[in-house]
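Lettering follows sequence order; numbering is per chain, from 1.
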2 protein chains.
Amino acid sequence: MSGGMIKVLLAEDQSMVREALAALLGLEDDIEVVAQVARGDEVLAAARAHDIDVALLDIEMPGATGIEAAAQLHKELPGLKLVVLTTFGRPGYLRSAMEAGADAFLVKDAPAAQLAEAVRKVLAGERVIDPTLAAAALAGGANPLTDREREVLRAAADGSTNAELAAALHLSQGTVRNYLSTAIQKLAVRNRAEAVRTAREKGWL
Amino acid sequence: MSGGMIKVLLAEDQSMVREALAALLGLEDDIEVVAQVARGDEVLAAARAHDIDVALLDIEMPGATGIEAAAQLHKELPGLKLVVLTTFGRPGYLRSAMEAGADAFLVKDAPAAQLAEAVRKVLAGERVIDPTLAAAALAGGANPLTDREREVLRAAADGSTNAELAAALHLSQGTVRNYLSTAIQKLAVRNRAEAVRTAREKGWL
DNA sequence: GGTGCCGCATGACATCTGTCATGCGGCACC
DNA sequence: GGTGCCGCATGACAGATGTCATGCGGCACC
């Protein structure tokens with residue numbers, strides 16, 4: 001911890017938000033944003049190039065999600081602290097982030113002061129998680145969908161027909177229908193559109 | 001323009017982003033964020049209470065959209081300059097924002113420097129619009145959907161069945177099908193899910 | 001005061017979607 | 001080396017969805 005400054009990498013795709021967050025952290029005396037990236041697949045290289053203490057990762061990014069980036073960092077650079085930041089407080093996101101090795105999980109709805117606070121806390125070895133979200137994640141239970149069901153549902157999300165899904169996934173049309181049918185039942189909804197909707201809401205997609 | 005400081009109202013629902021943007025603007029010598037709100041339906045009251053020069057409005061907010069808020073402000077407080085800010089660079093959004101009386105339209109993808117710049121420019125009487133977006137809005141043409149088609153499509157967006165839509169909108173099931181059918185044709189897609197998707201993308205919903 | 005568009009409706013039809021029963025090979029677990 | 005789950009498939013069926021032709025009343029525009 002040379003000079004006492006906490007060195008942070010900031011990953012967020014929207015320039016204006018990213019630079020605004022950097023400005024916010026820049027107001028803190030003990031925090032320094034030393035690198036910024038706009039894509040998930042640029043995080044690892046930037047982290048290696050900059051000798052940082054904490055990585056701040058938005059989930060929704062092109063190239064790779066912040067959760068995927070967190071998993072990479074956790075594997076390649078253990079010791080580095082990981083803060084995952086997201087617009088959507090979906091229980092499934094929290095769960096995935098934790099499994100990827102995140103030390104903190106913040107939603108953008110939270111007061112800005114929590115950001116710097118979380119950075120300091122994870123560096124002190126603490127974990128930072130919104131209690132409400134943690135409860136929801138535990139109560140909501142694990143993702144009930146199998147890999148294939150998730151895969152098919154994700155592919156169906158844009159309104160593709162069964163025939164298109166079958167071609168894209170190299171499955172028969174009947175099989176596609178079966179997967180969607182079981183997904184619909186597991187999610188207790190009445191058609192694929194609702195299934196996509198609720199799976200998204202829970203962070204299961 | 002007492003004291004030479006530009007007084008800004010900031011409306012954005014995500015606290016962290018809102019406060020980060022405030023920090024960003026706070027770095028400018030000639031700009032001062034004098035009020036912040038998190039809901040679209042609180043914008044007008046805040047604007048009246050604070051004697052501001054520029055209102056910075058996010059589109060996606062609870063209560064009322066930034067575009068609706070812009071329309072209110074334009075009507076009630078003409079003279080006030082309006083900057084609309086959004087995550088999504090949808091041509092329809094730009095069009096609606098301009099019709100609502102906005103002086104500037106910015107996407108959050110743009111460099112942070114453009115924000116302060118836009119604030120200064122609108123105050124100088126200029127209009128600020130991303131040229132790429134402007135072209136897309138003109139090329140994309142106007143919304144081809146009728147009011148009813150839009151209404152039905154919006155209601156169908158969450159996966160409701162025809163029967164539910166008919167009940168909710170006080171229409172017969174056949175009529176619902178007709179509206180969706182014409183909307184599907186106008187949008188050149190093959191089912192309601194795709195229709196919802198592309199209408200959203202263009203900002204026509 | 002026609003002409004034409006819009007909102008609303010009906011009925012018929014083809015297609016798509018969701019469900020269910022059933023089957024088979026592979027693989028893991030006891 | 002059974003038993004059972006998973007991935008994949010088929011076929012049949014009911015119900016939902018999308019299309020089309022057609023009709024009627026209201027209203028705006030020339």
Side-chain angles (χ1 to χ4, degrees), chain A residues 92 95-96 99 140-205, chain B residues 92 95-96 99 140-205:
Chain A
R95 184 179 292 267
S96 314
E99 282 167 6
N143 191 333
L145 303 175
T146 67
D147 287 350
R148 298 287 186 238
E149 285 160 3
R150 221 175 21 251
E151 195 181 347
V152 175
L153 200 54
R154 215 180 301 133
D158 64 356
S160 303
T161 70
N162 284 333
E164 289 166 339
L165 296 175
L169 301 170
H170 307 293
L171 292 177
S172 87
Q173 223 181 106
T175 305
V176 168
R177 284 208 305 256
N178 284 341
Y179 283 136
L180 287 174
S181 182
T182 56
I184 287 166
Q185 284 177 271
K186 285 181 179 177
L187 298 173
V189 293
R190 285 196 321 300
N191 55 48
R192 64 182 67 193
E194 283 189 353
V196 167
R197 216 176 117 73
T198 71
R200 273 229 183 90
E201 260 168 27
K202 305 259 189 172
W204 288 341
L205 257 197
Chain B
R95 184 179 293 267
S96 315
E99 282 165 8
N143 192 333
L145 304 175
T146 68
D147 287 350
R148 297 286 187 242
E149 286 160 1
R150 221 175 21 252
E151 195 181 349
V152 175
L153 199 54
R154 215 179 302 131
D158 64 356
S160 303
T161 70
N162 284 332
E164 289 166 339
L165 295 175
L169 301 169
H170 307 292
L171 293 177
S172 87
Q173 224 181 104
T175 304
V176 168
R177 283 207 304 256
N178 282 342
Y179 284 135
L180 287 173
S181 182
T182 57
I184 287 166
Q185 285 177 274
K186 285 180 180 177
L187 298 172
V189 293
R190 286 196 318 300
N191 56 48
R192 64 183 66 192
E194 281 190 353
V196 168
R197 212 177 122 73
T198 71
R200 273 228 183 92
E201 258 169 28
K202 305 260 190 172
W204 287 342
L205 257 196

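Remark: C1' of C/dA12 and CD of B/Gln173 are 15 Å apart, rounded to the nearest angstrom. Across the protein-nucleic acid pair, A/Glu194 atom CD and D/dA16 atom P stand 13 Å apart, rounded to whole Å. Computed from coordinates, the A/Leu165 CG to C/dC16 C1' distance equals 12 Å when rounded to whole Å. If you take CG of A/Leu145 and P of D/dC6, they are 13 Å apart, rounded to a whole angstrom. When the C1' atom of D/dG7 is taken as reference, atom CG of A/Leu169 falls 13 Å away, rounded to whole Å. A/Leu153 places its CG atom 14 Å from the C1' atom of C/dG18, with the value rounded to the nearest Å. What separates CD1 of A/Ile184 from C1' of C/dC20 is a distance of 14 Å, to the nearest Å. A straight line from CD of A/Glu149 to C1' of C/dG18 spans 14 Å, rounded to a whole angstrom.
For B/Gln185, a side-chain nitrogen or oxygen approaches OP1 or OP2 of D/dC20 to under 4.0 Å. Of the side-chain N and O atoms in A/Asn162, one or more sit less than 4.0 angstrom from OP1 or OP2 of C/dT17. For C/dG18, one of the phosphate oxygens OP1 or OP2 lies less than 4.0 angstrom from a side-chain nitrogen or oxygen of A/Arg192. Not one side-chain nitrogen or oxygen of B/Tyr179 sits closer than 4.0 Å to the OP1 or OP2 atom of C/dC6. Between A/Ser181 and C/dT17 there is no side-chain N or O to OP1 or OP2 distance below 4.0 Å.
Rounding to the nearest 0.5 Å places CD1 of B/Ile184 at 10.5 Å from CD of B/Glu149. Separating the CZ atom in A/Arg148 from the CG atom in A/Asn178 is a distance of 14.0 Å, to the nearest 0.5 Å. Within the model, atoms CG of A/Leu171 and CG of A/Asn162 stand 11.0 Å from one another, a figure rounded to the nearest 0.5 Å.
The main-chain N or O of A/Arg177 is never found under 3.5 Å from a side-chain atom of A/Ser181 such that the two would form a donor-acceptor pair. No donor-acceptor pair under 3.5 Å is formed between the side chain of A/Asp158 and the backbone N or O of B/Arg197.
A donor-acceptor contact under 3.5 Å is formed by the side chain of B/Asn178 with the base of D/dC20.
Using a 4.5 Å heavy-atom cutoff, the side chains of B/Leu165 and B/Arg192 are in contact.
Minimum atom distance to the side chain of A/Arg177 is reached by C/dT17, of the listed D/dT17, D/dT10, C/dT17. Considering only the side chain of B/Leu180, D/dG18 comes nearest among D/dC8, D/dA9, D/dG18. Distance from the side chain of A/Leu171 is smallest for D/dA9 among the nucleotides D/dA9, D/dG7, C/dG18.
Across all strands, B/Asn191 comes closer than 4.0 Å only to sugar-phosphate atoms, never to a base (heavy-atom distances). Contact annotation for B/Arg148: backbone-only contact, meaning every heavy-atom pair under 4.0 Å involves sugar-phosphate atoms and none involves a base. Using a 4.0 Å heavy-atom cutoff across all strands shown, B/Thr175 reaches at least one base atom of the nucleic acid.
Checking D/dA9 for Watson-Crick or G-U wobble geometry (two distances, each under 3.5 Å) identifies C/dT22 as its partner. With both pairing distances under 3.5 Å, C/dC29 is matched to D/dG2 as a Watson-Crick or G-U wobble pair.
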